[in-house]
Amino acid sequence: MSEHARSVVDDLAFEPAPFRVRGYAAGRRFVDSRSALLVWEPRRVVPVYAVPLADLDAELVPLSNPQDPEQSGLSPHAFQKHSSSGSAWDLRVDGDVYEAAAFRPDDADLAEHVLLDLVPFTWKEEEEEVFGHPHDPFKRIDIRRSARHVVVSHDGTVLADTHAPLILAETLLPLRWYLPRSDVRMDLLSRSDSRTTCAYKGHAAYYSLDDAGDEGRDLAWTYEQPLHDAEAVRDHICFWNERTDITVDDVRVPRPGTPAPFFG
């Protein structure tokens with residue numbers, strides 16, 4: 001089923017958004033739709049909003065900086081890159097112009113809709129703010145307490161040793177092991193300036209492994225103010241499976257190969 005789910009991202013797909021969707025530019029509401037769609041362009045692994053033109057209180061204007069039509073996007077952070085045929089537009093809200101923030105696909109089923117960038121704007125579903133990207137209705141996270149013995153090391157140095165991990169399972173991603181800070185060698189780690197946002201867990205802060213150079217940069221992360229679905233992992237530390245050696249009950253966990261746009 002995981003292989004099947006990954007295979008369908010090669011197709012343009014859409015699904016009705018279940019909630020009222022509103023978008024704000026510098027505090028001014030320019031989208032208010034009860035008929036929004038969630039749209040996945042080919043190879044864009046998370047959805048973006050498409051709204052009926054009638055629900056858009058903004059002006060579509062010709063691009064000020066034309067984009068390369070051959071580019072293909074993978075995440076909402078690369079909205080200006082498109083992998084389906086159509087036309088990109090600048091979006092003018094009052095006097096402010098947001099470059100290439102709108103896209104009208106050629107697909108006949110989306111003829112009266114416009115896809116909109118997530119990053120420059122603030123979005124709400126009903127009264128809840130949306131972080132990162134709209135929730136995928138076919139994706140979820142689950143968290144379980146465990147008593148398994150987890151040891152994390154890097155280049156022979158033990159970074160964590162615990163019998164109280166939390167296991168986070170997220171659709172299409174490898175299992176992530178969230179560890180109590182008390183069982184992590186925090187003295188070997190230093191806070192970095194990096195931040196990422198997960199639509200399901202919130203804003204992550206990162207730690208780097210001291211004296212490990214580029215290999216140790218942003219090796220672990222934590223959610224200090226998680227969204228409600230991830231409340232259980234608050235202040236726990238998670239290390240990249242892909243870049244550390246992890247054993248569970250003395251069995252080595254194979255390092256996964258995670259697609260670039262996915263995070264933990």
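Here, residue 1 is the first one in the sequence, and each next residue gets the next number.
- Between the CG atom in L173 and the CG atom in L168 there is a gap of 9.0 Å [rounded to 0.5 Å].
- Summarising the geometry of F79 relative to A102, their closest heavy-atom pair is CE2-N, 3.9 Å, with the distance given to 0.1 Å.
- Atom CG in L56 sits 6.0 Å away from atom CG in L116 (nearest 0.5 Å).
- Atom OG1 of T122 and atom CD of E129 lie 5.5 Å apart (nearest 0.5 Å).
- Within 6.0 Å of CG in D193 there are 12 or fewer heavy atoms belonging to other residues, nucleotides or ligands.
- The closest donor-acceptor contact from the side chain of T171 to the backbone of R140 lies under 3.5 Å.
- The ring pair (Phe, Tyr, Trp, His ring centres under 6.0 Å) search around Y98 returns F121, not counting sequence neighbours.
- Panel note: side chain D107, backbone D109; a donor-acceptor pair is recorded below 3.5 Å.
- Looking only at distances, no side-chain donor or acceptor of S208 sits under 3.5 Å from a matching main-chain atom of S192.
- Proximity of L209 to L188: side-chain heavy atoms (C-beta onward) are separated by under 4.5 Å at one or more points.
- The side-chain heavy atoms of R255 and D245, taken from C-beta on, include a pair separated by under 4.5 Å.
- I167 and V150 fall within the same hydrophobic cluster, defined by Ile, Leu, Val, Met, Phe, Trp and Tyr side-chain heavy atoms under 4.5 Å apart, directly or through other members.
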Verdict with reasoning, H203 to R195, per side chain to side chain contact (heavy atoms under 4.5 Å, CB included):
CA-CA 7 Å; H203 304 296; R195 297 288 185 274; 5.8 Å; no

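- No side-chain donor-acceptor contact under 3.5 Å links T197 to the backbone of G202.
- The closest donor-acceptor contact from the side chain of R145 to the backbone of A164 lies at 3.5 Å or more, if one exists at all.
- Scanning both residues, A58 and F30, for their nearest heavy atoms gives CB-CD1, 4.2 Å.
- Annotation: F131, atom CZ; neighbour count of heavy atoms from other residues, nucleotides and ligands within 6.0 Å is above 12.
- Nearest approach of L60 to L53, heavy atoms of both residues: CD1-CD2, 4.1 Å.
- With hydrogens and angles ignored, the 3.5 Å screen pairs no side-chain donor or acceptor of W40 with any backbone N or O of E15.
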Please set out all donor-acceptor pairs under 3.5 angstrom arising from side-chain atoms of residues 227-239, sequence neighbours excluded.
| from | atom 1 | to | atom 2 | distance (Å) |
| --- | --- | --- | --- | --- |
| E231 | OE1 | R234 | NH2 | 3.0 |
| E231 | OE2 | R234 | NE | 2.7 |
| E231 | OE2 | R234 | NH2 | 3.4 |
| R234 | NH1 | E224 | O | 2.9 |
| R234 | NH1 | Q225 | OE1 | 3.3 |
| H236 | ND1 | R234 | O | 3.1 |

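- Using a 4.5 Å cut-off on side-chain heavy atoms (C-beta onward), V45 and L172 make no contact.
- Among residues two or more places apart in sequence or in another chain, the side chain to side chain contact (heavy atoms under 4.5 Å, CB included) test is passed with D211 by none.
- Minimum interatomic distance between S83 and R43 (heavy atoms only, all atoms of both residues): CB-NH2, 3.3 Å.
- Remark: E128 CD is loosely packed, at most 12 non-hydrogen atoms of other residues, nucleotides or ligands lying under 6.0 Å away.
- Without hydrogens or angle criteria, R104 side chain to A111 main chain gives a donor-acceptor distance under 3.5 Å.
- R185 has its side chain out of reach of V158: every pair of non-hydrogen atoms, C-beta onward, lies at least 4.5 Å apart.
- Counting only residues at least two apart or on different chains, the side chain to side chain donor-acceptor pair (under 3.5 Å) pairs with a member in residues 147-162 are H149-D161, T162-D183.
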In sequence, state the C-alpha distance, the side-chain angles, and the governing distance for W123 and L118, and then conclude on side chain to side chain contact (heavy atoms under 4.5 Å, CB included).
CA-CA 8 Å; W123 294 90; L118 276 295; 3.6 Å; yes

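- Take Y207 and apply the ring pair (Phe, Tyr, Trp, His ring centres under 6.0 Å) test, not counting sequence neighbours, and it matches no residue.
- A salt bridge is defined here as a Lys NZ or Arg NE, NH1 or NH2 lying under 4.0 Å from an Asp or Glu carboxylate O, and D90 with R92 fails to meet this definition.
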Before giving the answer on side chain to side chain contact (heavy atoms under 4.5 Å, CB included), spell out for R176 and N241 the whole-Å C-alpha distance, their side-chain angles and the decisive distance to 0.1 Å.
CA-CA 7 Å; R176 299 299 190 193; N241 308 39; 2.8 Å; yes

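- Under the 4.5 Å side-chain contact rule for hydrophobic residues, V51 and V48 share a cluster.
- Side-chain heavy atoms closer than 4.5 Å link hydrophobic residues (I, L, V, M, F, W, Y) into clusters, and following such links, possibly through other members, connects L175 to L219.
- Classified by interplanar angle (parallel below 30°, tilted 30° to 60°, perpendicular above 60°), the ring pair W221/Y178 is perpendicular.
- Around the CG atom of D249, the shell of radius 6.0 Å holds more than 12 heavy atoms that belong to other residues, nucleotides or ligands.
- Separation of atoms OG (S85) and CZ (F103) is listed at 6.5 Å; rounding is to 0.5 Å.
- Taking every heavy atom of both residues into account, A100 and Q80 meet most closely at CB-CG, 3.5 Å.
- There is no path of hydrophobic side-chain contacts, each under 4.5 Å, that joins V46 to F19.
- The shortest side-chain heavy-atom distance between S194 and R217 falls under the 4.5 Å cut-off.
- You'll find the side chain of L110 reaches within 4.5 Å of the side chain of F14, heavy atoms only.
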Test side chain to side chain contact (heavy atoms under 4.5 Å, CB included) on E170 and K139 and set out the steps.
CA-CA 7 Å; E170 185 169 349; K139 186 175 182 179; 3.2 Å; yes

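- Every pair passing side chain to side chain donor-acceptor pair (under 3.5 Å) that includes a residue from residues 18-39 is listed here, sequence neighbours excluded: R20-D32, R22-E127, R28-D57, R28-D94, S33-D55.
- Tracing side-chain contacts under 4.5 Å through hydrophobic residues (I, L, V, M, F, W, Y), one reaches L159 starting from M186; they form part of the same cluster.
- Summarising the geometry, atom OG1 belonging to T222 is positioned 7.5 Å from atom CZ belonging to R191; distances are rounded to the nearest 0.5 Å.
- For the atom pair CH2 of W240 and CG of D218, the computed distance is 9.0 Å after rounding to the nearest 0.5 Å.
- Contact between K201 and C198 at its shortest, heavy atoms only, is NZ-SG, 3.2 Å.
- Under the side-chain contact (heavy atoms from CB on, under 4.5 Å) rule, Y49 has a single partner from L115, L38, V114, V39, which is L38.
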